[in-house]
Amino acid sequence: MDQLIIKDLEVYAYHGLFQSEKDLGQKFYLTLALSYDMSQAAIQEDLDQSIDYGKLCQQLTQWMQETSYDFIETVAYRLCQKILDLYPLVSAVELELAKPSAPVPLPLNTCAVRVKRQRHRAFIALGSNQGDRQAYLDQALRAMADHGLKIIQASSQIKTPAWGKTDQPDFLNQVVEVETTETADYLLTILQSIETESGRIRTEHWGPRTLDLDLLFYDQEQIYTNRLIVPHPYIQERLFVLEPLNEIAPHWLHPVLKQSVKQLYHQLKENE
């Protein structure tokens with residue numbers, strides 16, 4: 001992928017854990033690489049298909065000076081988010097923020113953090129079988145947007161019998177596709193916080209719930225940790241997931257099973 005490189009942009013700003021750093025300020029140096037396709041800009045010499053790096057440098061300076069954070073990790077993270085929010089052309093940002101005057105009482109040239117963020121495509125299943133089910137699903141969509149998840153498309157909401165533990169009310173289910181710059185692990189944290197905000201209490205496996213949010217796919221990645229398994233291990237067994245997923249992404253390929261959503265949906269329908 002083509003990259004725009006900016007090296008050692010000097011910004012005087014007021015970030016640091018100590019009050020003296022916030023009061024007096026210090027120099028920071030920004031180096032960043034923005035990934036995007038430069039073909040249109042190069043061939044047509046069209047600035048709308050490129051990034052005005054002079055303007056971007058001014059924006060970076062303004063963003064760094066209008067706030068004050070304790071940690072340079074926070075500054076770097078926020079700058080990456082702002083770039084990706086403002087410039088749809090950019091698919092990924094790698095940013096290094098250096099703090100040469102870091103308060104370290106030892107010989108030190110500089111202290112820096114390097115952060116990389118890129119756009120990811122994820123699919124999330126929503127379900128509710130308690131209270132006003134539609135209100136819970138709609139509230140979840142708003143909460144996702146509030147947390148910076150861009151909803152690309154949303155399926156219809158469908159009513160389905162409970163799965164796994166069947167002696168409970170029917171569910172209202174939906175699947176959404178989102179664009180996010182968060183890691184899969186932190187995306188899970190966001191989804192669990194939205195569940196908690198809805199009043200969900202985890203007392204019974206597959207039991208009744210105000211809101212259930214499952215991360216189905218995260219790009220074509222395969223993740224297996226104690227906390228998260230992606231793709232979700234029960235996708236191919238759940239019609240209430242495959243039906244709305246097939247509505248919005250029938251050709252999405254399951255990276256483990258090597259079959260499309262449409263194929264998995266029809267296979268499960270035939271075996272009912």
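Treat the numbers as computed from the prediction; the structure is a model and nothing was measured.
- The environment of Lys262 atom NZ is sparse: at most 12 non-hydrogen atoms of other residues, nucleotides or ligands sit within 6.0 angstrom.
- Between Ile51 and Tyr87 there is a side-chain heavy-atom pair separated by less than 4.5 Å.
- In summary, Arg121 and Glu221 do not engage in a salt bridge, as defined by a charged side-chain N under 4.0 Å from a carboxylate O.
- Checked by atom type and distance alone, the side chain of Asp214 never pairs as donor or acceptor with a backbone atom of Leu216 at under 3.5 Å.
- Contact between Asp37 and Ser39 at its shortest, heavy atoms only, is OD1-OG, 2.7 Å.
- Looking at Pro103 and Glu21, their side chains come closer than 4.5 Å, going by heavy atoms from C-beta outward.
- Considering only heavy atoms from C-beta on, Leu188 comes within 4.5 Å of Arg227 through its side chain.
- For CD of Glu66, the number of neighbouring non-hydrogen atoms (other residues, nucleotides, ligands) closer than 6.0 Å is greater than 12.
- Looking at heavy atoms from C-beta onward, Thr189 lies out of side-chain contact with Leu191 at the 4.5 angstrom threshold.
- Residues Leu56 and Leu86 fail the side-chain proximity criterion, which asks for heavy atoms closer than 4.5 Å.
- For the pair Leu141 and Val176, the minimum side-chain heavy-atom distance is below 4.5 Å.
- Contact check on Asp170 versus Arg133 returns no salt bridge, with no Lys/Arg side-chain nitrogen under 4.0 Å from an Asp/Glu carboxylate oxygen.
- A donor-acceptor distance shorter than 3.5 angstrom exists from the side chain of Ser155 to the backbone of Val175, with no hydrogens or angles considered.
- Residue Tyr12 qualifies as enclosed at atom OH: its count of foreign heavy atoms under 6.0 Å is above 12.
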message: Before you tell me yes or no, could you show the steps for Phe217 and His232 under ring pair (Phe, Tyr, Trp, His ring centres under 6.0 Å), namely the whole-Å CA-CA distance, both residues' side-chain angles and the distance that decides it to 0.1 Å?
response: CA-CA 7 Å; Phe217 296 111; His232 193 285; 9.7 Å; no
